[in-house]
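Letters A, B, ... are given to chains in the order of the sequence lines, protein chains preceding strands, and every chain is numbered from 1. The figures that follow rest on heavy atoms only: side chains count, while hydrogens, waters and symmetry mates do not. These figures come from a predicted structure and were not determined experimentally.
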Number of protein chains: 2
Amino acid sequence: MSHRLRLVTPALADSIRRCHGCPLNVLCLDELPEDAERSAPCMEQRCIRLRGGEHLFRVSDAVDQHLYIIRQGDIKLYQHGSDGGQHIIEFLGPGAWVGLESLNEHQRHAGAVALTDCEIATVPYTLLTALLDRQPRSAEAFGQLLSGTIARHQQHAAMLRSTSAIQRVAQFLLQRLEQAQGVAQGLARATLPMSRQDIADYLGLTSSTVSRCLSVLRRHGWLAMAQRAYTLPGLRDVEKVAAGAPLALDA
Amino acid sequence: MSHRLRLVTPALADSIRRCHGCPLNVLCLDELPEDAERSAPCMEQRCIRLRGGEHLFRVSDAVDQHLYIIRQGDIKLYQHGSDGGQHIIEFLGPGAWVGLESLNEHQRHAGAVALTDCEIATVPYTLLTALLDRQPRSAEAFGQLLSGTIARHQQHAAMLRSTSAIQRVAQFLLQRLEQAQGVAQGLARATLPMSRQDIADYLGLTSSTVSRCLSVLRRHGWLAMAQRAYTLPGLRDVEKVAAGAPLALDA
DNA sequence: CGCCCTTTTGATCGCGATCAAGGTAAGTGG
DNA sequence: CCACTTACCTTGATCGCGATCAAAAGGGCG
């Protein structure tokens, strides 16, 4: 649906440049025309660096009154299943906001782990609410951020209800490709920084089945993989599979 | 998790009475001590009545800049699956807010249909934002409303990943029971105003399988149904099934 | 090289989708 | 009040897919 979490319309794209590099720029739309005050609240973000495998926060942690914005790297959001295995809620990449699910909550009901080395900006609630108070239009953008999150959860739920396994995998590959294109335009290429087990937990399958489905797609020549990155030479066919088209099993 | 969508803590319960009957009372926490001004923005809500089967809004409708709060009745939120069949997003009952998923969006990406006769309050965005501007604490409550919605979607996703069909059905019954108890305290009784097909679409199953699972639970004496309402005499056992416990198939 | 972990692939089996046949309940018109 | 219609619900029988168990094949690193 929406490319990653960008809220800015093309018409507003040039007004952004003044705050380029600031992770909050999606919310700073209608103030600070050209004066020097821009650095006041906008650039005082603290930045966190994580190595792959380190936690940003864990389930049941006290909420630290901060939101996070991913500047670089990939993160997985998970929670513990009743059976012990972890359920992946969502994979998040550059530009994504983390922590919206715990707004004004006392403790986290999800954990966040870095899949790769990460660079993450922190935004205290106080700064955010101050911004929202001063800039009416940023409140709209924040509302879109929240309903965008809800929309992505609905899309995920739709994926989980697809009866066929290969259908879910195809949808997953297409979804990541679409998100990656929001960041690097024109390049039909995305990455799988997470393990097969993570993908399986995300899609409600087993790692064996995920592996099998990827192999089938590769055998058809529709999927090309190079370690962590992949492309979809047979984009059209993969889209048909994702839509529920039947599939010949032979090579 | 949280009982329906109530945000008020027990400590605040008595301060609510001043606005009892007002659907916005969950947000009106910290102002209007005892004066007569209460009726100014609080009671000017318009009310909509729907008969069972009528739409509140449809997919691709233009967003009318309103939120809805269910005062009476049940509603299902759905969207169209790529295969043509509809995917149920959520079942909503008295006290629930409708329309949060389309905040500041141009058109609905979900439809809302009444399952029973309904009474629904409408809240224009303008009123809501005015309220949020004047009452800082209501902004917190609104944040909880939104992250509560996200939390419910995560719970739904967890249900969809449960491997076993009877596990999902058991979780569904328990979830509805918990929600119903938020409204009518102490009564271990809930309703199924939706069709089996709707339940199936919600759980990622077929109506046959849902029917079969309900029959199994009834055969064990753990589930008692009277037309639209049900109780769970074997609550403990159903909880075990929901957690993934194996199940003897005989009567 | 040997070790450990992830991934891939194979073989079997159980569960749930599918197709199909009653059964039940509410609404309609005679 | 009773046939008739039209849903929806229940139950049965079969079959394909994906979970499961298991083994082999990479891949990173001392």
Side-chain angles (χ1 to χ4, degrees), chain A residues 51-53 76 81 83-86 115-116 159-170 172 192-219 223 225-230 241 244-251, chain B residues 51-53 76 81 83-86 88 113 115-117 159-170 172 191-219 223 225-230 241 244-251:
Chain A
R51 304 193 79 75
K76 71 172 176 186
D83 56 350
Q86 67 182 0
L115 294 168
T116 65
M159 200 152 47
L160 288 172
R161 272 174 292 207
S162 304
T163 47
S164 160
I166 200 163
Q167 202 175 338
R168 299 189 207 181
V169 173
F172 178 70
L192 295 178
M194 69 297 287
S195 72
R196 300 301 144 96
Q197 185 59 53
D198 285 339
I199 301 176
D201 288 341
Y202 182 69
L203 297 176
L205 301 170
T206 59
S207 57
S208 315
T209 302
V210 171
S211 208
R212 244 183 278 275
C213 290
L214 291 175
S215 297
V216 169
L217 292 176
R218 259 180 302 176
R219 234 190 312 279
L223 166 67
M225 297 187 63
Q227 60 252 15
R228 285 284 138 110
Y230 69 91
V241 172
L247 189 57
L249 291 172
D250 50 34
Chain B
R51 305 194 76 78
K76 70 172 176 185
D83 56 348
Q86 66 182 3
I88 273 66
V113 195
L115 293 167
T116 64
D117 292 358
M159 198 152 47
L160 288 172
R161 271 174 293 210
S162 304
T163 48
S164 158
I166 200 163
Q167 202 175 337
R168 300 189 205 181
V169 173
F172 178 70
T191 60
L192 296 177
M194 70 297 287
S195 73
R196 299 301 145 97
Q197 184 59 54
D198 285 339
I199 300 176
D201 288 340
Y202 182 69
L203 297 176
L205 301 170
T206 58
S207 57
S208 312
T209 302
V210 172
S211 209
R212 244 182 277 274
C213 290
L214 291 175
S215 297
V216 168
L217 292 176
R218 257 180 305 175
R219 225 183 329 268
L223 167 67
M225 298 187 62
Q227 58 250 17
R228 284 285 138 112
Y230 68 91
V241 173
L247 189 59
L249 291 170
D250 49 34

Footprint string (nucleotides 24-30 of chain D, 5' to 3'): B base within contact, S backbone only, - free, heavy atoms under 4.0 Å: -------

Heavy atoms of Gly53(B) and Val113(B) approach each other most closely as O-CG1, 3.5 Å

Can you name the closest pair of heavy atoms from Ala170(A) and Val241(A) and give their distance? CB-CG1, 3.9 Å

Is there side-chain contact between Lys76(B) and Tyr202(B), with heavy atoms separated by less than 4.5 Å? no

Rounded interatomic separation in angstrom, taking CZ from Arg228(B) and C1' from dC9(D): 11 Å

Proximal nucleotide (of dT8(C), dA19(D), dG16(C)) relative to the Ser164(B) side chain: dG16(C)

Would you work out how much the helix from dC1(C)-dG30(D) to dG30(C)-dC1(D) bends between its ends, with each end axis defined by five base pairs, to 10 degrees? 30°

The reported gap from CG in Leu203(B) to CZ in Arg196(B) (rounded to nearest 0.5 angstrom) is 12.0 Å

Residues two or more places apart in sequence or in another chain: which of them pass side-chain hydrogen bond (donor to acceptor under 3.5 Å, both in side chains) with Arg228(A)? none

Rounding to an integer number of Å, can you tell me how far Arg218(A) CZ sits from dT8(C) C1'? 8 Å

Looking at residues at least two apart in the chain, or sitting in another chain, which of them share a side chain to side chain contact (heavy atoms under 4.5 Å, CB included) with Ser164(A)? Ile166(A), Gln167(A)

Would you say dT9(C) has OP1 or OP2 under 4.0 Å from some side-chain N or O of Ser215(A)? yes

For Ala229(B), which residues count as a side chain to side chain contact (heavy atoms under 4.5 Å, CB included) partner, sequence neighbours excluded? Arg189(B), Thr191(B)

Tell me the salt bridge (charged side-chain N to carboxylate O under 4.0 Å, His left out) pairs involving residues 200-209 of chain A, sequence neighbours left out? none

As an exercise, state the distance from OG1 of Thr163(B) to CG of Leu205(A), rounded to the nearest 0.5 Å. 11.5 Å

Quick test: give all pairs of protein nitrogen or oxygen and nucleotides 18-28 of chain C nitrogen or oxygen below 3.5 Å, distance rounded to 0.1 Å.
unit_1: dT18(C); atom_1: O4; unit_2: Arg212(B); atom_2: NH2; d: 3.2

Would you indicate what Leu214(B) reaches in the nucleic acid, counting non-hydrogen atoms under 4.0 angstrom: base, sugar-phosphate, or nothing? nothing

Separation between CG of Leu192(A) and CG of Asp198(A), rounded to the nearest 0.5 Å: 11.0 Å

Return the OH to CG distance between Tyr230(A) and Leu223(A), rounded to the nearest 0.5 Å. 8.0 Å

Which donor-acceptor pairs under 3.5 Å do the side chains of residues 206-214 of chain B make with protein atoms, sequence neighbours left out?
unit_1: Thr206(B); atom_1: OG1; unit_2: Thr209(B); atom_2: N; d: 3.4
unit_1: Thr206(B); atom_1: OG1; unit_2: Thr209(B); atom_2: OG1; d: 3.0

Please classify the nucleic acid contact of Arg168(B) as base, sugar-phosphate, or nothing, using heavy-atom distances under 4.0 Å. nothing

By a strict heavy-atom criterion of less than 4.0 Å, which residues belonging to residues 192-204 of chain A are in contact with DNA chain D? Gly204(A)

Integer-rounded Å distance: dA19(D) P and Ile166(A) CD1: 13 Å

Quick one: list whatever passes side-chain hydrogen bond (donor to acceptor under 3.5 Å, both in side chains) with Ser215(B), sequence neighbours left out. Arg218(B)

